[in-house]
Amino acid sequence: MPRARVEPVAVPREAPERVRLRAERRLKFTAACFLVGFAAIGLKMGAISASEAREPSIGARAGASIVSERSDITDRTGRVLATNVVATALYAQPHLMVDPVAAAEGLSRVFPDMDASVWSRRFQSGSKFFWLKGNISPEQQQAVHDLGEPGLLFGEREMRLYPNGPLASHVLGGARYGEQDVRAAEIKGIAGVEAVFDDYLRDPAQQGAPLRLSIDLSVQTALEQVLSGGMRLMNAKGAAAILMDVHTGEVVALASLPDFDPNDRPRPATEGDPADSPLFNRAVQGVYELGSTFKIFTAAQSLELGLTNAGTMVNTQGPLRQGRHRIRDFHDYGPRLSVTDVIVKSSNIGTARMALDIGAKRQQDFLRALGFFEPTAIELTEAPGARPLVPTRWPEISTMTISYGHGLSASPLHLAQGYASLLNGGTRVRPTLLARSAVPDPGARVVSTRVSAEARHMLRQVVMRGTASMGEVPGYQVGGKTGTADKPKHTGGYWDDKVITTFASVFPAQDPKFVLVVTLDEPEIDAAGERRRTAGWTAVPVASEITARVGPLLGMRPDFDPAQDAFGAYLTQAGLR
């Protein structure tokens, strides 16, 4: 059977012109892609060359989970007390080093505290990472860079900076690094307001809003300068001062000496008396017998209970015997003194007799109402541990001695709180380090406004003609009470020749705005031909100078016109003088 013949199919040929055009388009597209690619690479290389050189991060998201931002802390007027700044950390990756021994020797030249032999062994130990320095200066960074060692690397991070150095150091406390990476470091508060408000300061939801304190930087500076000079002049071992608004409880200045620089916070003491450490806050943590400053509380309670009035005569014949105990006065004040003169002349016997009439239970209730049975509520990490030391038993002898400030120990801040509550019109005040936007509602009433005014009058008389005569500041009408107490040993008992002196004052006495408490530890001064240790010769002059310095800074206009003494007019109208 013959095969079928298959005819070939003719394929039309494409015109050469069309082939040429298509090839030309493809060639142009390819050239355009190369041009764009080379342009992008060129732009990137230009940007890199124009930017600051940085070390490569370890991993694409190194440090991304660490929150390093921390809000500023400011004073009441917005001036910065603590802030964050960009810093440079130094770390090592020994497996990248060319010469570990030379690297260690070079680091010891840049950082004298780094032992070359120690770090040489570490770099050759097989470990792949070492932190060297958390923060280094630009000069140190350049010196390390000049070593030419590729295994020494830098990381940018934030650090906490206190631009005023030691100023208000016991208020601020300090911070340290928590979780760290080469590109970031967590900053955590370790003491003071930095620790108390740590969550707030690190909270991203606050959007960097600063923490505004009640501290006034100018007032704090003046107070610390005077206190430091007074401590040296009085040959004191330490000192503390608190300036507080009597109505709001805002602490405008708080200082404890010796102090420290929170930029380089020292390590806590591991031996000896903890109170000798510069970290110890004498104003808040220091719990002392505050001596005769307590006498005004006894007099005020006696007036409040109606047991006496300002002119009531009190038996001051001594010595006052209670069992085997004898209570004496510093001087013989005669057989009788008025309640006012008991405070003015600081009679232990007269105060003890008033306390016996008050009784132990009522005395305890009154001191409890003033805050002397609990830690202060101030926003410092040290405050909760500063609980006043009160007797477990409260016999009559305790009632008598506590009435004049012996047998109960409290901090200078407790005393400032008690004076503010008694003298501001008679309502309880709680100290705070936060600036208040408005005057808070009055606290619980502790005495009547009448008794508060009478107490202020008595304290004014102490300055005008009593043991605090050197506390007078022209134009500010200061009222206050001195206190001198034997210093306790941290091992128990008391020193024979060491005292704690205190002056608690309020100004202006006719319309109180501020209370100032100054305490000196072991003061001594040669004056009027004798060796003086009492508060009238030590704490009072220091407090007087502080008042004179800070009064104008607080916007208080001195009043030199006796005719404008509204306080005196009030007392005359009320029949109190």
Side-chain angles (χ1 to χ4, degrees), residues 48 51-73 82-116 118-163 165 172-191 194-195 198 201-202 204 208 261-267:
I48 292 174
S51 64
E52 183 180 351
R54 295 190 179 189
E55 295 291 339
S57 61
I58 299 178
R61 293 183 58 80
S65 62
I66 299 177
V67 178
S68 60
E69 292 184 0
R70 190 175 182 86
S71 296
D72 290 350
I73 300 176
T83 188
N84 280 11
V85 296
V86 176
T88 301
L90 174 64
Y91 61 97
Q93 292 184 329
H95 64 285
L96 299 179
M97 288 183 174
V98 175
D99 188 344
V101 175
E105 291 175 350
L107 287 172
S108 68
R109 291 193 298 271
V110 179
F111 306 102
D113 61 326
M114 296 183 68
D115 189 307
V118 171
W119 283 101
S120 178
R121 290 194 301 270
R122 291 180 180 178
F123 290 158
Q124 298 178 82
S125 65
S127 298
K128 293 187 176 182
F129 184 89
F130 288 102
W131 280 114
L132 300 180
K133 294 288 181 179
N135 303 303
I136 62 175
S137 67
E139 293 79 11
Q140 291 171 329
Q141 181 179 1
Q142 184 61 49
V144 173
H145 181 77
D146 291 343
L147 296 177
E149 177 54 68
L152 298 177
L153 305 171
F154 306 103
E156 191 176 276
R157 70 211 352 227
E158 288 191 337
M159 65 171 284
R160 199 61 163 170
L161 176 69
Y162 302 91
L172 297 170
R176 62 172 174 81
Y177 285 126
E179 185 180 353
Q180 299 186 60
D181 207 323
V182 296
R183 302 296 296 172
E186 179 185 48
I187 302 174
K188 302 179 69 174
I190 57 175
E194 286 275 28
D198 187 61
L201 294 168
R202 292 197 293 153
D261 188 344
N263 293 299
D264 187 21
R265 184 180 169 89
R267 294 182 179 275

Notebook entry, point to check: Would you call L152 and L107 a side-chain contact if the rule is heavy atoms closer than 4.5 Å?
Noted result: yes

Margin query: Please find the pair of heavy atoms, one from P100 and one from Q124, that lie closest to each other, and give the distance.
Written below: CB-CG, 3.9 Å

Margin query: Donor-acceptor check, side chain of E149 to backbone of G151, threshold 3.5 angstrom: yes or no?
Written below: yes

Note to self: To the nearest 0.5 Å, what is the distance between NE2 on H145 and CG on L90?
What the structure shows: 13.0 Å

Item checked: Test item: R265 side-chain N/O and G173 main-chain N/O as donor-acceptor pair under 3.5 Å -> yes

Check: Any side-chain heavy atom of L132 within less than 4.5 Å of one from V144?
Finding: no

Checklist line | Euclidean distance, R176 CZ relative to E186 CD, rounded to 0.5 Å | finding: 8.5 Å

Next item on the list: Grab the two heavy atoms, one from G189 and one from D198, that are nearest each other, plus how far apart they are.
Entry: N-OD1, 2.9 Å

Checklist line | Interatomic distance, R160 atom CZ to D72 atom CG [nearest 0.5 angstrom] | finding: 6.5 Å

Check: Hey, is the main chain of Y162 close enough, under 3.5 Å, to the side chain of N263 for a donor-acceptor pair?
Finding: yes

Check: Got a sec: does the CG of D146 have more than 12 other heavy atoms crowding it under 6.0 Å?
Finding: yes

Checklist line | From CG (N84) to CD (E69), nearest 0.5 Å | finding: 8.5 Å

Note to self: To the nearest 0.5 Å, what is the distance between CD on Q141 and CZ on F154?
What the structure shows: 5.0 Å

Note to self: D113: which residues meet the side-chain contact (heavy atoms from CB on, under 4.5 Å) condition with it, sequence neighbours left out?
What the structure shows: F111, K133

Note to self: For a quick test of reading the model, state the closest non-hydrogen atom pair linking P262 to G165 and the distance between them.
What the structure shows: CD-O, 3.3 Å

Checklist line | Distance-minimising heavy-atom pair for R157 and A89 | finding: NE-CB, 3.3 Å

Checklist line | Side-chain heavy-atom pair T88, Q140 within 4.5 angstrom cut-off | finding: no

Checklist line | side chain to side chain contact (heavy atoms under 4.5 Å, CB included) evaluation trace for L201 with I187 | finding: CA-CA 10 Å; L201 294 168; I187 302 174; over 6 Å; no

Note to self: For Y177 versus E158, what's the shortest heavy-atom pair and its separation?
What the structure shows: OH-O, 3.1 Å

Next item on the list: Could you check if a side-chain atom of F130 sits within less than 4.5 angstrom of a side-chain atom of P94, using non-hydrogen atoms only?
Entry: yes

Next item on the list: Provide the closest heavy-atom pair for A92 versus F123 in the form atom of the first, atom of the second, distance.
Entry: CB-CE2, 3.9 Å

Check: Roughly how far, to the nearest 0.5 Å, is CZ of R122 from OG of S127?
Finding: 10.0 Å

